[in-house]
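The chains referred to below are lettered A, B, ... by the order of the sequence lines, with proteins before strands, and numbering in each begins at 1.
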Protein chains: 2
Amino acid sequence: MSISTAPSRFNSKLTSQCQNCSLSALCLPIALADEDINRLDQIIERKRPLKKGEILFHQGQAFDSVFAVRTGTLKTFNITASGEEQITGFYCPSELVGLSGIDNNNYPITAKALETTTVCEIPFSHLENLTSQIPSLKHQLFRVMSRKISDDQQMMVLLGKKNADEKVASFLLNLSNRFKKRGYSATSFRLAMSRGEVGNYLGLAVETVSRVMTRFQKNELIEVDGKEISIINLSEMQKLVGIADDCARIADI
Amino acid sequence: MSISTAPSRFNSKLTSQCQNCSLSALCLPIALADEDINRLDQIIERKRPLKKGEILFHQGQAFDSVFAVRTGTLKTFNITASGEEQITGFYCPSELVGLSGIDNNNYPITAKALETTTVCEIPFSHLENLTSQIPSLKHQLFRVMSRKISDDQQMMVLLGKKNADEKVASFLLNLSNRFKKRGYSATSFRLAMSRGEVGNYLGLAVETVSRVMTRFQKNELIEVDGKEISIINLSEMQKLVGIADDCARIADI
DNA sequence: CGCTCACTTGATTGTGTTCAAAATGTGTGG
DNA sequence: CCACACATTTTGAACACAATCAAGTGAGCG
């Protein structure tokens with residue numbers, strides 16, 4: 001469970017931090033031979049932590065790397081023609097950000113830290129070269145990108161078809177699943193993002209997010225204390241987002 | 001401009017249909033040596049045409065292949081828990097469908113023909129093997145998937161932030177761009193999908209789509225004759241969706 | 001020719017937005 | 001540590017946009 005963040009080890013080329021990283025099974029969920037993990041490890045740069053509000057990369061900036069979040073949280077957003085920000089995703093530890101930059105060789109979105117955040121920088125050209133030597137790495141990369149495509153499509157369903165209650169419930173359950181996957185509580189967690197950011201992401205006004213959460217609390221579905229959320233009635237929440245027994249991923253945003 | 005669809009050539013393993021295909025520069029926009037194109041060509045199966053309403057693959061079905069549309073149009077959709085269909089995309093010639101199936105080894109969506117449609121089936125395991133021999137093919141595949149991710153994110157912006165007028169205008173301009181890319185008129189084209197399908201895709205009711213189009217026609221932005229659309233005032237339409245000069249892709253859904 | 005389905009148009013309703021203001025929380029400098 | 005400024009969240013009231021309900025029109029097809 002210990003994640004090395006000591007400054008002395010930034011950019012360390014010592015043997016396999018990846019191997020010791022608690023996130024290794026998730027970030028690129030690779031069944032790699034030790035030797036291969038070492039090779040992967042060598043191309044990865046550990047960056048100094050980003051402080052809250054700091055930017056990892058800018059929309060339009062030349063694409064070099066994808067990044068794996070180690071600790072903290074990022075948001076990605078797009079500045080629209082009218083100048084407002086549209087959040088396209090939140091990224092928790094073990095998740096990969098920047099994949100949308102490959103196509104045009106520049107990032108189409110900005111990535112910003114919501115709190116103190118550390119990331120592993122993975123120079124994409126190195127990663128791509130490495131896939132020639134490690135076929136299973138290539139396959140995992142295809143899988144990660146494919147997964148992102150299906151997730152985004154579920155998000156489109158959410159934005160296009162769901163009402164405010166369903167949107168907020170889906171959002172909370174999605175976070176819950178992501179915490180659970182990393183070994184944290186699925187029912188009690190802290191939101192790294194503001195209500196405004198939640199609303200922006202879900203296509204709702206701040207006020208609506210606040211009202212929905214208050215109502216959920218009144219109906220004893222959740223307990224809210226500022227950014228701390230506890231899901232009290234998980235099964236009722238799941239009903240709300242319309243989980244079909246045979247299609248659990250629908251809830252997974 | 002001639003695309004061979006004669007039945008006698010289905011599954012033909014003769015030399016390089018890909019090379020002669022008018023879509024070759026788009027489908028996997030590859031600068032491949034002739035020899036490499038032949039290798040790609042050999043793993044591709046030309047399927048018999050799908051009739052309107054026929055299904056290419058089902059949600060939940062085991063994933064084998066991605067498909068390139070050669071002629072016609074497909075829609076992909078997701079059946080939600082409540083049983084309604086949410087359209088996640090329309091696919092025109094040269095576009096690749098099925099990439100979201102890689103992750104879980106099954107398709108998370110259904111693909112259905114909107115009109116008579118021919119596709120090239122590309123068995124993914126073969127394609128993946130081929131990428132080991134042709135690095136530029138691998139890179140193109142990463143690019144295509146990356147592009148899909150950015151496009152979907154633009155779609156999220158549309159669904160989350162735009163009003164009915166902007167949604168419909170973005171949709172029409174997006175189609176316009178896609179026709180243009182393939183050498184067809186950017187201002188005059190036929191919709192393969194019904195108003196209902198447009199609405200479903202854009203998160204709008206049928207009636208709203210119809211009203212917006214009627215209004216656009218009254219304002220002399222477009223001319224509508226059933227499924228035939230002509231964009232009369234392209235620049236005004238672009239203003240409507242909020243194209244920033246420095247960020248043209250924003251309109252590109 | 002008659003049936004069905006898709007599309008259009010109108011009237012009404014409702015969900016979520018917007019505007020406004022108060023309450024709560026957070027960070028900073030003295 | 002407190003006081004102050006500022007941001008975030010909550011709550012209330014009025015409004016607006018798009019959905020829904022309903023009816024009518026038109027096109028395609030057996």
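- Legend: residues meeting salt bridge (charged side-chain N to carboxylate O under 4.0 Å, His left out) with A:E54, ordered by chain and number and at least two apart, are A:R48.
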Can you give each donor-acceptor pair under 3.5 Å made by side-chain atoms of residues 203-216 of chain B, sequence neighbours left out, with the distance rounded to 0.1 Å?
residue: B:T214; atom: OG1; partner: B:S210; partner atom: O; Å: 2.8
residue: B:R215; atom: NH1; partner: B:D165; partner atom: OD1; Å: 3.0
residue: B:R215; atom: NH1; partner: B:D165; partner atom: OD2; Å: 2.9

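- Annotation: proximity of residues 209-223 of chain A to DNA chain D (heavy atom, distance under 4.0 Å) is found for A:S210, A:R211, A:T214, numbered in ascending order.
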Reading nucleotides 25-30 of chain D 5' to 3', which nucleotides get B (base under 4.0 Å from a protein heavy atom), which S (sugar-phosphate only), which -?
------
Run B:E84 and A:K161 through salt bridge (Lys or Arg N to Asp or Glu O under 4.0 Å) and show every step you take.
CA-CA 10 Å; B:E84 40 181 2; A:K161 285 267 174 301; 5.6 Å; no
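- Remark: A:K227 is in phosphate contact with D:dT9, judged by side-chain N or O atoms under 4.0 Å from OP1 or OP2.
- With a 6.0 Å radius and a threshold of 12 heavy atoms from other residues, nucleotides or ligands, B:E223 has its CD atom at or below the threshold.
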Check step by step if salt bridge (Lys or Arg N to Asp or Glu O under 4.0 Å) holds for B:K112 and B:E85.
CA-CA 12 Å; B:K112 194 178 209 174; B:E85 139 180 350; 5.5 Å; no
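- In this structure, A:E95 contributes its side chain and A:C92 its backbone to a donor-acceptor pair below 3.5 Å.
- When the options B:I109, B:N78, B:T76 are evaluated for a side chain to side chain contact (heavy atoms under 4.5 Å, CB included) with B:Q59, the one that passes is B:N78.
- Distance, A:L202 CG to C:dT15 C1': 16 Å, rounded to whole Å.
- Both B:G196 and A:A205 lie close to DNA chain C; mapped to their nearest nucleotides by heavy-atom distance, the more 5′-ward contact belongs to B:G196.
- In this entry the distance linking CG of A:N200 with P of D:dT9 reads 13 Å, nearest Å.
- Between the CD atom of A:E207 and the C1' atom of C:dC19 there is a distance of 9 Å, given to the nearest Å.
- Paired with B:F57 under the rule ring pair (Phe, Tyr, Trp, His ring centres under 6.0 Å), one option of B:F63, B:F77, B:Y107 passes, and it is B:Y107.
- Going from atom NZ of A:K167 over to atom P of C:dG16 covers 8 Å, rounded to whole Å.
- Atom CG of A:L204 is separated from atom P of D:dC17 by 18 Å (rounded to the nearest Å).
- Looking only at distances, no side-chain donor or acceptor of B:S100 sits under 3.5 Å from a matching main-chain atom of A:S150.
- Not one N or O on the side chain of A:S176 forms a donor-acceptor pair closer than 3.5 Å with the backbone of A:L172.
- A:T117 places a side-chain N or O within 3.5 Å of a backbone atom of A:T73 that can act as its donor or acceptor partner.
- At whole-Å resolution of the value, CG in A:L114 and P in D:dT8 are 12 Å apart.
- Between the side chain of B:Q86 and the main chain of A:G160, no donor-acceptor pair closer than 3.5 Å is present.
- Side chain of A:T187 to backbone of A:I231: no donor-acceptor contact under 3.5 angstrom is found.
- Over its length, the helix from C:dC1-D:dG30 to C:dG30-D:dC1 turns its helix axis by 50°, as judged from the five terminal pairs at each end, rounded to 10°.
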Collect all protein-nucleotide pairs involving nucleotides 4-7 of chain D in which both atoms are nitrogen or oxygen and the distance is under 3.5 Å.
none

